[in-house]
2 protein chains.
Amino acid sequence: MATGRTHRPATRSRGIPEATVARLPLYLRALTALSERSVPTVSSEELAAAAGVNSAKLRKDFSYLGSYGTRGVGYDVEYLVYQISRELGLTQDWPIVMVGIGNLGAALANYGGFASRGFRVAALIDADPAMSGKTVAGMQVQHADDLEKIIDENGVSIGVIATPAGAAQQVCDRLVAAGVTSILNFAPTVLSVPDGVDVRKVDLSIELQILAFHEQRKAGESAIEAAEGAVGVEGPAAKVTKPTANDRKGPDGDVPAVMPA
Amino acid sequence: MATGRTHRPATRSRGIPEATVARLPLYLRALTALSERSVPTVSSEELAAAAGVNSAKLRKDFSYLGSYGTRGVGYDVEYLVYQISRELGLTQDWPIVMVGIGNLGAALANYGGFASRGFRVAALIDADPAMSGKTVAGMQVQHADDLEKIIDENGVSIGVIATPAGAAQQVCDRLVAAGVTSILNFAPTVLSVPDGVDVRKVDLSIELQILAFHEQRKAGESAIEAAEGAVGVEGPAAKVTKPTANDRKGPDGDVPAVMPA
DNA sequence: ACTTGTGAACTATTTCACAGCA
DNA sequence: TGCTGTGAAATAGTTCACAAGT
């Protein structure tokens, strides 16, 4: 339903803001949950709550996609699921290759969230000959030598890198040379790629460091307040102001080492 | 080493932009690498390249921390490493608990990047009795019953959730009740927490969906151009007013199922 | 009576470009 | 001369608040 189609709301299809794109998967998840509960429609208010954003932002986001709601009523859940899926390109099948089947790679291979949207793991690849032939998440791990062939035969355009940092750029280069144009990088390295190739980076330790920053703020605040006798008193004494030392800050040995599953 | 120290440049310590905070770990990583190669100083240009940003942004970012560079010369590597570490709160020790030792949890436990900055895994916790006592990453997995005791005894203020989506909110509530004020959430759920508690979310499938969006753009561009040769017209008949079936959209079974390491 | 869709105001972030210092 | 530090301009993103549909 929804009026949709004939009237082209001007906005459609022309550059959706990056910030909006990043939230579409969030909305999609919330909508999918509603869909499973057979909820027919949602208001921007309800959906926003379920997705953890405010309703003005959600409405603005949707306005970039088109006018898919009905005033006075809300949004048709099924219809919106479809529209967002389509916008994100999830109505098609995306074969992906995963390179580096260590601890993290194995976890990713088992990750249900990949398969549950348009993604399909076409191959698991590891450079370690000892890994070849091992079964991870129901698939045989293949050797890196076959990378190009696999990409070509499966029409892969998205690659996931979960190798140690040292190998990432090299793997990336091969992926790109073989035709991959989008890369999800879990290795703690800055990858350099030619124009036209997208890279997204997930860095586990960075997230923790950001939390530590805010955590320190909280602790510091009360310390200052306590020292100056100011307002907002809130003080679990447990907040050891000056913890132990911290010698280690050792080598950047991030990403899990390869280790058979 | 570097002029620094005595002069306090006005800016210091007052609200550093969130976008800047998010990049500090990036700079820190690049600087650490330089430090290991015993490079004494870097220019904003060089460091920016190593961190994958542009130099104007980097200089602006650093200007929020203070004036730690030397005009005509650059930045003292060791000094900057220290200043950024301090700013991020990494000069102190942060004990963390990890809840949910499935595939992903095990990978995280083995992740070198945690230990290599101020973080220390104080405990691995899983609700599955079959996991208790098992050794993962050199630590005994403990049962969820002991959560509160562990948090209290170790002064933990940061928790990592790697449980299935269904258990996440419940785990979160217990963490918060026990005194945790920062949470890194790997479960594909929106967590609700009281004011004063920070949550950061890492969602593997969201990142892939964002890539798919851009990937589709690339492909679509040429396809549409080829098909319509014209300008603004966009008329994929596919605009099925009433979505097709769209079967799969299966259960939101994200996050890896628990499975012994 | 209710809820969307959206200009307009506001806030945050990035980029420019150059004065100021080593 | 070379490179930082930073106002000022440009751009991106968010929030407000209300007109317009249903």
Note to self: Please compare A:Ala19 and B:Val42 by the position of their nearest nucleotide in DNA chain D and report the one closer to 5'.
What the structure shows: B:Val42

Checklist line | Residue met sooner reading DNA chain D from 5', once A:Thr20 and B:Glu45 are mapped to nucleotides | finding: B:Glu45

Return the polar atom pairs (N/O with N/O) between nucleotides 15-18 of chain C and the protein under 3.5 Å, or none.
{"from": "C:dT15", "atom 1": "OP2", "to": "B:Asn54", "atom 2": "ND2", "distance (Å)": "2.7"}

How many whole angstroms separate atom [atom1] of [X] from atom [atom2] of [N]?
{"X": "B:Ile16", "N": "C:dA12", "atom1": "CD1", "atom2": "C1'", "value": "15 Å"}
{"X": "A:Tyr27", "N": "C:dT4", "atom1": "OH", "atom2": "C1'", "value": "14 Å"}
{"X": "B:Arg23", "N": "C:dT13", "atom1": "CZ", "atom2": "P", "value": "9 Å"}
{"X": "B:Tyr79", "N": "D:dT4", "atom1": "OH", "atom2": "P", "value": "16 Å"}
{"X": "B:Leu58", "N": "D:dT6", "atom1": "CG", "atom2": "P", "value": "14 Å"}
{"X": "B:Asp76", "N": "D:dC3", "atom1": "CG", "atom2": "P", "value": "16 Å"}
{"X": "B:Tyr68", "N": "D:dC3", "atom1": "OH", "atom2": "C1'", "value": "19 Å"}
{"X": "A:Leu47", "N": "C:dT3", "atom1": "CG", "atom2": "P", "value": "14 Å"}

Next item on the list: Remember a base hit wins even if backbone is also touched, and classify A:Tyr75 as base, sugar-phosphate or nothing at under 4.0 Å, heavy atoms.
Entry: sugar-phosphate

All N/O donor-acceptor pairs, side-chain side in residues 48-58 of chain B, below 3.5 Å, sequence neighbours left out:
{"from": "B:Asn54", "atom 1": "OD1", "to": "B:Ala56", "atom 2": "N", "distance (Å)": "3.2"}
{"from": "B:Asn54", "atom 1": "OD1", "to": "B:Lys57", "atom 2": "N", "distance (Å)": "2.9"}
{"from": "B:Ser55", "atom 1": "OG", "to": "B:Glu45", "atom 2": "OE1", "distance (Å)": "3.4"}

Checklist line | Centroid-centroid under 6.0 Å between B:Tyr68 and B:Tyr79 rings | finding: yes

Check: OP1 or OP2 of C:dT3 less than 4.0 angstrom from a side-chain nitrogen or oxygen of A:Ser44, does that happen here?
Finding: no

Notebook entry, point to check: Knowing that exactly one of B:Ile84, B:Asp76, B:Val77 qualifies, which makes a side-chain contact (heavy atoms from CB on, under 4.5 Å) with B:Leu80?
Noted result: B:Ile84

Note to self: For a side chain to side chain donor-acceptor pair (under 3.5 Å) check, start with the C-alpha distance between B:Gln209 and B:Ser205, then their side-chain angles and the critical distance, and finish with the verdict.
What the structure shows: CA-CA 6 Å; B:Gln209 291 176 54; B:Ser205 89; 3.3 Å; yes

Note to self: Please tell me whether A:Thr189 and A:Gln169 have a donor and an acceptor in their side chains that are separated by less than 3.5 angstrom.
What the structure shows: no

Checklist line | Counterpart residues, ring-ring contact (aromatic ring centres under 6.0 Å, His included), relative to B:Tyr27 (two or more places apart) | finding: B:Phe62

Margin query: Closest approach to the side chain of B:Arg71, judged atom by atom: which nucleotide of C:dA19, C:dT14, D:dG13 is it?
Written below: C:dA19

Next item on the list: With side chain to side chain donor-acceptor pair (under 3.5 Å) as the test, would you mind laying out the steps for B:Arg86 and B:Thr91 before giving the verdict?
Entry: CA-CA 5 Å; B:Arg86 191 174 51 77; B:Thr91 53; over 6 Å; no

